[in-house]
Amino acid sequence: MTVEQGVQAVDQFPVGMRVLAVDDDQTCLLILETLLHRCQYHVTTTDKAQTALELLRENKNKFDLVISDVDMPDMDGFKLLELVGLEMDLPVIMLSAHSDPKYVMKGVKHGACDYLLKPVRIEELKNIWQHVVRKSKLKKMKGIVTNGESEGNSDQNGVRANRKRKDQLEEKDEEEQEQERGNDKKPRVIWTRELHNKFLAAVDHVGIKNAVPKKILDLMNVDNLTRENVASHLQKFRLALKKITNEAKQQANMAAANSHFMQMSSLKGFGSFHHSPIPLGSSQFHGGAATMRHYPSNRTFAGMFPHVSSSLPRNLHNDGGHMLQGTPFPPLENLHINSNNKAFPSFASQQSSLLVAPSMVLEGHQQSTSPSFSPHLEINKRLEDWSNNIPQSNVHSEPDALGWNMFGNSTNQTYFCRDTDFGSSSAAQADSLQMKQQHENIFSPMTVAQLLRSSSANEGLFMGQQKLENGFMASDAGSLDDIVNSMMTQEQSQAEFSEGDWVWVA
Amino acid sequence: MDALVAQLQMQYRNYTVSLYQQGFLDDQFTELKKLQDDASPDFVAEVLSLFFEDCVKLIGNMARALDQTGTVDFSQVGASVHQLKGSSSSVGAKRVKGLCITFKEYCEANNYEGCVRCLQQVDIEFKALQTKLQDMFNLEKQIIQAGGKVPQVDIN
């Protein structure tokens with residue numbers, strides 16, 4: 001639906017708007033569905049984030065808006081939010097019982113159009129259609145801008161060509177140069193996410209030492225991009241990397257003494273967990289001299305992690321091991337996770353990020369990014385705030401070790417696995433007990449054991465209803481597990497890191 | 001018959017108001033009732049039964065998490081509590097929701113005794129609510145069977 005249509009048909013448009021509602025809590029889902037129906041929207045519901053993604057991927061145009069809960073067992077709501085934003089560019093509204101502003105902030109930074117608190121009221125839902133209109137309006141504007149850019153570039157080339165012909169006739173080399181310079185100033189190239197990714201891939205391919213604009217330009221193979229564009233971008237890139245390393249060193253000193261910081265970072269670790277479209281940028285993070293890794297084109301969660309373990313820790317290691325102690329990252333493994341996750345999303349999904357990793361972990365650091373990266377500041381901010389915000393992992397984490405352990409010990413896995421044990425417990429015995437409990441008014445406090453017995457029978461009922469996606473969690477946790485473990489070991493035996501030409505850019 | 005209907009309706013009104021006054025229910029429950037109409041006449045009952053199912057399941061999760069011989073994973077307990085808080089607030093189960101808030105604090109403080117106590121209380125509360133609501137629904141049925149309409153109860 002175009003903006004014009006949306007605006008003109010305001011009376012009709014909100015009616016029949018197609019909403020996808022995702023919430024693992026069946027009570028809330030039913031209420032939400034009914035409320036949405038009451039607003040005359042067309043509603044599709046699912047209690048699994050994975051199913052939601054599949055539905056969306058099947059046909060992007062099938063839905064106008066997504067409403068998703070934040071705490072879901074099979075996938076973190078923020079992760080889903082990010083994926084939907086990246087892949088389908090649909091407006092996403094977050095829903096949660098967490099009223100903590102940090103969660104709200106996290107939602108907004110991850111790109112949520114709105115953040116609603118449970119219990120949801122119908123008045124709030126009546127206005128959500130505005131996000132659809134707003135988004136399509138933005139898309140339209142963006143389209144105009146990028147079109148303008150490419151047109152400008154081609155004009156530039158065209159003018160140059162004309163100029164050259166004239167020069168041949170008039171022998172005006174100076175004019176040609178002037179014209180080129182003049183042309184260069186004309187339409188600014190917007191370094192979009194995709195463009196930046198190509199840039200990164202090219203730099204990775206040639207190696208940071210060999211990164212000359214001409215080669216990068218050739219590799220990128222992008223029309224209407226000049227050597228000069230690439231050159232200036234490369235310069236900024238190098239400057240940013242330099243800055244990161246400097247900041248990282250400073251932070252290492254500060255962070256070591258700061259326990260609060262550690263706590264924050266452990267939280268961040270979780271927060272970054274679900275930044276699945278991650279790590280292309282890991283190598284960049286280490287910036288300058290380090291050999292860039294080839295960036296996998298897919299941005300899946302699992303796909304990224306194999307790179308994670310090798311990249312960041314190494315660099316840290318090369319810095320005299322000092323970094324490992326937690327420089328860009330607040331001390332402890334938590335930081336490692338944080339930094340890894342952060343670095344990746346920034347590079348892969350957004351264009352800014354070189355600064356991200358250490359900046360992300362360190363509060364307030366984002367401000368120190370090079371001003372020339374201002375277009376990316378917003379993205380950087382997002383990334384930084386991911387680290388700063390409370391993680392809303394599926395399981396509410398304790399700070400520090402426990403949180404970290406979530407990845408390492410696959411506590412998540414066990415958490416969900418536990419639920420699947422329902423059926424195996426003493427169902428038969430519990431059955432009669434359960435019946436009794438429901439029909440008799442047994443109000444005396446039950447012991448934990450009694451509660452266990454009584455509820456285990458019921459779980460048999462719920463097994464069918466809620467199949468906890470151990471697989472999903474397991475695969476994620478497994479990969480995270482690997483990374484975390486590898487980081488842990490690397491911390492201890494830094495010799496493992498000697499792969500590649502990782503050199504910390506000074 | 002009218003007298004019976006009137007009497008039942010009066011009973012129903014009083015009973016419902018008392019539930020609010022005693023803190024079993026809050027405004028959210030009123031909102032739920034508003035969503036019930038001829039198209040979905042059993043909406044409230046449906047939602048509440050889903051809620052009670054959830055209660056049983058979540059309490060089971062919490063009990064299992066607290067029943068660990070060894071270290072208790074409080075974050076796991078906390079996750080279930082959080083979910084219960086979400087659903088109880090969505091249906092208007094005021095007391096259960098209030099308990100969840102306290103319960104959550106105990107989880108965050110890793111207070112085993114506190115958690116166990118809360119768990120027991122949550123169990124009691126949701127069952128009490130279940131009974132009360134069952135009585136309320138029964139009254140509704142009686143009114144309809146007696147040929148009357150279930151009155152809209154105005155909570156101050």
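Only the side chain of A:I122 comes within contact range of chain B, with at least one heavy atom under 4.5 Å from a heavy atom of that chain. For a residue to count as touching a neighbouring chain, one of its non-hydrogen atoms must lie under 4.5 Å from one of that chain's; by this rule B:S88 does not touch chain A. With a threshold of 4.5 angstrom between heavy atoms, B:K97 does not approach chain A through any atom at all.
Counted within 6.0 Å of CD on A:E123, heavy atoms from surrounding residues, nucleotides or ligands total more than 12; the atom is thus considered enclosed.
Atom NZ in A:K118 sits 7.5 Å away from atom CD in B:Q83 (nearest 0.5 Å). The line from CG of A:D25 to OG of B:S90 is 7.0 Å long, rounded to the nearest 0.5 Å.
Interface remark: of the candidates B:D37, B:V81, B:L35, B:V47, B:L35 forms the most heavy-atom pairs closer than 4.5 Å to chain A.
For residues 28-38 of chain A, the interface with chain B (any heavy-atom pair closer than 4.5 Å) comprises A:C28, A:L30, A:I31, A:T34, A:L35, A:R38, sorted by residue number.
A side-chain N or O of A:Q26 and one of B:D54 form a donor-acceptor pair less than 3.5 Å apart.
Taking all atoms of both residues into account, the shortest heavy-atom contact from A:A97 to B:G86 is CB-CA, 3.9 Å.
Contact check for A:H98 versus B:H82: side-chain heavy atoms found under the 4.5 Å cut-off.
Applying side-chain contact (heavy atoms from CB on, under 4.5 Å) to A:T27 and the options B:L84, B:V91, B:L48 leaves one that passes, B:V91.
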